Number of protein chains: 2
Amino acid sequence: MAATIRDVARVAGVTPSTVSYALSGKRAISEETRERIQRAIAELDFTPNAGARALALSQTNVLGLFLQFQEDEFAPAMLQYVLPVSTTARNHGFDLLMVTDPDVDAAIRRTTSSAMVDGVVLLDVTYDDPRLEPLRQTRQPVALIGYAKNAEGFDAVDLDFGEAARNALDHLAGLGHREVVLVTPPRHVFERGGSYAWRFSDAAAERAARHGMQLHIVEGESRQPALGQAVTAALDRYPSATGLVVHNDATIAALPSLLHDRGISVPDDLSVVGMFSAEFGTAFSLPYTSVDTRPELLGEWAVSRLVERIADPDGAEPPQVRLIEPGFVDRGSTRAVG
Amino acid sequence: MAATIRDVARVAGVTPSTVSYALSGKRAISEETRERIQRAIAELDFTPNAGARALALSQTNVLGLFLQFQEDEFAPAMLQYVLPVSTTARNHGFDLLMVTDPDVDAAIRRTTSSAMVDGVVLLDVTYDDPRLEPLRQTRQPVALIGYAKNAEGFDAVDLDFGEAARNALDHLAGLGHREVVLVTPPRHVFERGGSYAWRFSDAAAERAARHGMQLHIVEGESRQPALGQAVTAALDRYPSATGLVVHNDATIAALPSLLHDRGISVPDDLSVVGMFSAEFGTAFSLPYTSVDTRPELLGEWAVSRLVERIADPDGAEPPQVRLIEPGFVDRGSTRAVG
DNA sequence: CTGAAAGCGCTTACAG
DNA sequence: CTGAAAGCGCTTACAG
């Protein structure tokens with residue numbers, strides 16, 4: 001059996017409460033006593049039992065991370081968000097319970113009503129996300145990564161996809177492009193309520209109009225060969241387009257291969273702007289200028305808010321929806337035209 | 001505050017112990033009492049407090065999943081193992097604490113000595129894995145995914161990479177190939193002790209010799225452009241090779257683009273055999289025949305063993321190293337030659 | 001078939 | 001500066 005606080009107390013010749021206070025620093029302990037306790041802890045290799053602590057403190061120092069791997073989604077994209085969440089949590093002294101249970105309702109009540117977690121991060125939130133309703137019943141604070149219609153009562157953070165689209169379009173307009181193709185996320189993302197899909201497209205359309213550019217919006221796909229055919233068909237249909245904006249993870253990952261297939265050289269034949277994070281770009285060796293989706297900032301913000309609320313459940317500011325400014329990384333895949 | 005077992009007992013007009021037994025089914029309860037308790041539970045929306053349960057039972061129903069995202073690794077490959085582990089754990093009634101802390105020693109003692117988890121799954125285990133030593137001190141059972149020099153005392157599971165190599169070579173030999181290039185994992189994987197790297201290469205070399213084939217073993221890379229240059233250089237150097245075996249995640253993901261660059265058509269100009277899972281193949285739309293790495297079997301096996309040991313710490317069989325038979329999926333990227 | 005009590009291993013008001 | 005005791009919310013031997 002592992003050593004308990006009583007064992008430490010006995011070896012150090014004090015009471016358990018003194019050991020506890022020495023550990024927490026919540027009251028003054030004489031130097032000499034502190035040292036005896038330290039020695040006893042080291043000797044017995046004592047670590048406080050997490051369950052007992054949680055029970056006494058009503059706090060587990062564990063955050064729940066809820067995510068789903070959708071069959072038709074590009075799984076690697078999800079990963080970019082997981083690591084920043086994990087790292088930020090750890091920096092604040094929290095561990096992460098990763099919940100992928102398809103039965104989300106059951107998972108929510110299992111982990112929150114039982115007080116396994118002190119807070120919840122919800123990944124890949126959709127506009128009509130059905131997980132929000134069950135989460136309203138929980139006493140733990142919740143932070144959403146993604147944009148929902150009814151996020152009332154929750155902190156939420158997402159990239160400013162409108163601004164992202166404007167960045168992409170402005171960049172191409174500034175280089176003189178007059179006709180541009182936009183590849184969107186696949187249809188099922190729109191259908192499922194992935195608001196980033198239409199927020200980007202709508203803003204792109206509006207911005208193109210303002211610049212007097214022609215913008216051809218085509219639906220992308222999530223898998224080969226459909227994904228390649230969608231791009232190919234678009235390029236065939238709009239042969240005079242000089243710019244390509246890709247807002248689709250699977251498509252951008254496959255784009256180098258696709259463009260080579262067609263003998264299209266970037267940026268000489270076509271200027272390309274993607275939507276992806278630095279990490280994603282590195283993993284897939286993407287040579288494209290991109291609007292950076294900054295997953296690390298989203299993850300950090302969500303966890304930080306959660307931690308503030310856990311520390312001070314009442315004192316915290318009202319829940320807030322935060323839009324993160326996208327980045328822009330020029331990798332030389334666009335050129336001036338006209 | 002959440003309802004406690006005392007609240008339920010009061011509403012149902014019984015004692016907490018009766019509620020507990022009704023919940024666990026560990027002793028007979030009259031039908032009528034059971035119903036009153038059920039009603040009270042529903043009315044109060046009661047879920048047992050996990051910390052209190054853990055304290056009383058010395059079991060948390062949480063498994064620790066330890067993984068590291070190496071800077072120079074192809075992160076998406078890790079993901080294939082995470083989901084099966086998570087799913088299998090859930091099917092056995094366990095949740096997953098995902099630990100990515102770079103300070104592995106601290107993370108191990110924090111989660112195991114404190115009894116946060118009932119068992120540990122270690123991902124991406126290396127031959128000299130430094131995490132094994134601290135894990136020997138824990139009282140929780142441990143399951144390794146990967147192959148280590150000194151796995152004594154641990155259950156361990158890995159793909160039979162030797163058999164995988166033989167499958168690939170036999171397949172090409174059967175089609176009449178006499179000269180084949182093998183692209184290995186990057187050098188740092190060998191250096192870090194990723195035994196799958198040399199177990200595959202060594203077995204491939206041996207098997208090629210037995211078939212009287214020429215096998216050119218070249219070191220792959222993990223990032224563009226180095227990754228492409230490595231393949232290109234190899235193909236330039238061995239122009240008469242008719243087969244290519246790729247045991248390198250980043251390289252196989254980029255291969256479609258690479259081969260198109262060179263105008264190489266598969267399988268007409270070159271027969272290609274990869275090493276990747278069905279899921280990986282789908283995510284990256286890989287059109288190559290592959291030896292299947294079966295991450296779902298590895299994850300399942302590791303978790304199942306762990307769960308058995310947790311259920312019966314003494315009764316279980318001695319720890320075991322299990323090699324999983326690779327699969328083979330013909331996607332038509334090889335052809336007969338000669 | 002059910003109850004009253006002790007215990008799991010902590011924390012923290014209450015005393016001195 | 002330190003101790004003795006109660007309590008967090010469960011489970012389970014002990015009794016009847």
Side-chain angles (χ1 to χ4, degrees), chain A residues 1-38 40-41 44-62 93 110-118 139, chain B residues 1-38 40-41 44-62 93 110-118 139:
Chain A
M1 278 326 294
T4 71
I5 199 170
R6 291 189 53 187
D7 301 322
V8 174
R10 188 167 25 73
V11 169
V14 295
T15 61
S17 67
T18 301
V19 175
S20 178
Y21 283 117
L23 246 27
S24 68
K26 286 189 181 167
R27 80 179 180 193
I29 305 278
S30 76
E31 190 50 35
E32 191 224 326
T33 306
R34 178 187 307 286
E35 271 169 21
R36 284 212 315 279
I37 292 175
Q38 290 305 350
I41 287 175
L44 297 174
D45 194 23
F46 167 73
T47 313
N49 180 283
R53 272 193 112 228
L55 185 56
L57 290 173
S58 300
Q59 170 157 350
T60 60
N61 280 300
V62 172
R110 181 178 70 248
T111 55
T112 60
S113 319
S114 69
M116 291 179 81
V117 299
D118 296 333
R139 53 189 172 292
Chain B
M1 279 328 293
T4 71
I5 199 170
R6 291 189 52 188
D7 300 323
V8 174
R10 189 166 24 75
V11 169
V14 295
T15 60
S17 67
T18 303
V19 176
S20 178
Y21 283 117
L23 246 26
S24 68
K26 285 189 183 169
R27 79 178 182 193
I29 305 277
S30 76
E31 189 50 35
E32 192 224 326
T33 306
R34 178 188 305 287
E35 271 169 20
R36 284 212 316 279
I37 291 174
Q38 290 305 349
I41 287 174
L44 297 174
D45 194 23
F46 167 73
T47 312
N49 179 283
R53 270 192 113 229
L55 185 56
L57 290 172
S58 300
Q59 170 156 350
T60 60
N61 281 299
V62 173
R110 181 178 71 249
T111 56
T112 60
S113 320
S114 69
M116 291 179 82
V117 299
D118 297 332
R139 53 189 172 292

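Just so we're on the same page: letters track the sequence lines, and every chain starts at 1. The shown structure was predicted, so the numbers you read here are calculated from the model rather than taken from an experiment.
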Notebook entry, point to check: A:Phe46 CZ to C:dG9 P: how many Å, rounded?
Noted result: 10 Å
Checklist line | Near-strand residues of residues 14-23 of chain A, defined as heavy-atom separation under 4.0 angstrom from DNA chain C | finding: A:Ser17, A:Ser20, A:Tyr21
Check: How close or far is atom C1' of D:dG3 from atom CD1 of A:Ile29, stated in whole angstroms?
Finding: 11 Å
Item checked: Protein-nucleotide distance (A:Leu57, atom CG; D:dG7, atom P), rounded to Å -> 17 Å
Margin query: Rounding to an integer number of Å, can you tell me how far B:Gln59 CD sits from C:dG9 P?
Written below: 15 Å
Checklist line | Identified stems (criterion: three or more consecutive Watson-Crick or G-U pairs, under 3.5 Å), DNA chain C | finding: C:1-3 with D:14-16, C:5-12 with D:5-12, C:14-16 with D:1-3
Next item on the list: Return the value, rounded to whole Å, for the distance between atom CG of A:Asn49 and atom P of D:dC8.
Entry: 18 Å
Notebook entry, point to check: On DNA chain C, nearest-nucleotide positions of B:Leu55 versus B:Arg27: which is more 5'?
Noted result: B:Arg27
Next item on the list: Output the single nucleotide from D:dC10, C:dT2, C:dT12 whose closest atom is nearest the side chain of B:Ser30.
Entry: C:dT2
Next item on the list: Please determine if a side-chain N or O atom of B:Arg53 lies less than 4.0 Å away from the OP1 or OP2 oxygen of D:dT11.
Entry: yes
Next item on the list: Round to the nearest Å and state the distance from A:Glu35 atom CD to D:dC1 atom P.
Entry: 14 Å
Next item on the list: Heavy atoms only: give me the nearest A:Val11-A:Ala40 pair and the separation to one decimal.
Entry: CG1-CB, 3.7 Å
Margin query: Both B:Ile5 and A:Arg34 contact DNA chain D. Taking the nearest nucleotide for each, which residue is further toward the 5' end?
Written below: A:Arg34
Checklist line | Non-neighbouring partners of B:Arg10 that pass salt bridge (Lys or Arg N to Asp or Glu O under 4.0 Å), sequence neighbours left out | finding: B:Asp7
Item checked: Shortest non-hydrogen separation from A:Ala12 to A:Arg36 and the atoms involved -> O-NE, 2.8 Å
Next item on the list: Please report, rounded to the nearest Å, how far the C1' atom of C:dC8 is from the CE atom of B:Met116.
Entry: 18 Å
Check: So how far is it from A:Ser24 OG to A:Arg53 CZ, rounded to the nearest 0.5 Å?
Finding: 8.5 Å
Next item on the list: Could you tell me whether A:Thr33 contacts a base, only the sugar-phosphate backbone, or nothing, with contacts defined as non-hydrogen atoms closer than 4.0 Å?
Entry: sugar-phosphate
Check: What pair of heavy atoms forms the shortest contact from B:Met116 to B:Arg110, and how long is it?
Finding: SD-O, 3.9 Å
Check: Rounded to whole angstrom units, what separation is found between the CZ atom of B:Arg10 and the C1' atom of D:dC10?
Finding: 16 Å
Check: Shortest non-hydrogen contact from B:Thr60 to B:Ala115?
Finding: CG2-O, 3.1 Å
Notebook entry, point to check: Quick one: is A:Lys26 getting a side-chain N or O under 4.0 Å of the C:dT11 phosphate, OP1 or OP2?
Noted result: no
Checklist line | B:Pro48: which of B:Ile41, B:Ile5, B:Leu23 passes side-chain contact (heavy atoms from CB on, under 4.5 Å) | finding: B:Leu23
Margin query: How close do A:Ala9 and A:Thr15 get, counting heavy atoms only, and between which atoms?
Written below: CB-C, 3.5 Å
Notebook entry, point to check: Given A:Val19, which of A:Thr4, A:Ile37, A:Ile29 fulfils the side-chain contact (heavy atoms from CB on, under 4.5 Å) condition?
Noted result: A:Ile37
